[in-house]
A.B. asks: 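First, the structure itself, so that you have it in front of you.
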Amino acid sequence: LRCYANNSWITCAIGVSLVVLSCVGRMYWLAHHLFDTVAGVVLALVVAYGLERSLCVETDAGDTVCECDWWHVLMAHSVMVACVLGSRMHAKTKLFGSGTIPTKAE
């Protein structure tokens, strides 16, 4: 959520540019609407802020140290996969198909 002192502003600009291009690309290919992409960005920022607050501590020297074990990443991916599979099963769509509900041809 913040660019650390050892990172340059170019790193942050590249990150923000990639997110914006990804959102625009998803809307261009009609995969998402504007609100979908805005909600995704807001959700990602909230999760990133929560992780930063829970995993990063400030030392006596004023530096910020983030501690992350190998299983934190595995747990994050597992939760994401469970949410996707749960939402697909709830919507009764194919789990590994196109993700859309087929409609009747008229």
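For the single chain, residues carry numbers from 1 onward in sequence order. Excluded from the calculations below are hydrogen atoms, water molecules and symmetry mates; all remaining heavy atoms, backbone and side chain alike, are included.
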A.B. asks: Of the options V19, V20, V46, D36, which is the one that meets V41 in a side-chain contact (heavy atoms from CB on, under 4.5 Å)?
C.D. replies: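 Considering V19, V20, V46, D36, a side-chain contact (heavy atoms from CB on, under 4.5 Å) with V41 is found only for V19.
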A.B. asks: Would you give me the side-chain donor-acceptor pairs under 3.5 Å for residues 74-84, sequence neighbours excluded?
C.D. replies:
from : atom 1 : to  : atom 2 : distance (Å)
S78  : OG     : L74 : O      : 2.8

A.B. asks: By the side chain to side chain donor-acceptor pair (under 3.5 Å) test, which pairs, at least two apart or in different chains, include something from residues 20-32?
C.D. replies: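 Checked against side chain to side chain donor-acceptor pair (under 3.5 Å) - neighbours excluded - the pairs reaching residues 20-32 are R26-H32.
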A.B. asks: I'd like to check the side-chain contact (heavy atoms from CB on, under 4.5 Å) partners of L34; sequence neighbours left out, ordered by chain and number.
C.D. replies: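 Applying side-chain contact (heavy atoms from CB on, under 4.5 Å) to L34 gives M27, T37, V38.
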A.B. asks: Looking at residues at least two apart in the chain, or sitting in another chain, which of them share a side chain to side chain donor-acceptor pair (under 3.5 Å) with H33?
C.D. replies: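 Here no residue qualifies.
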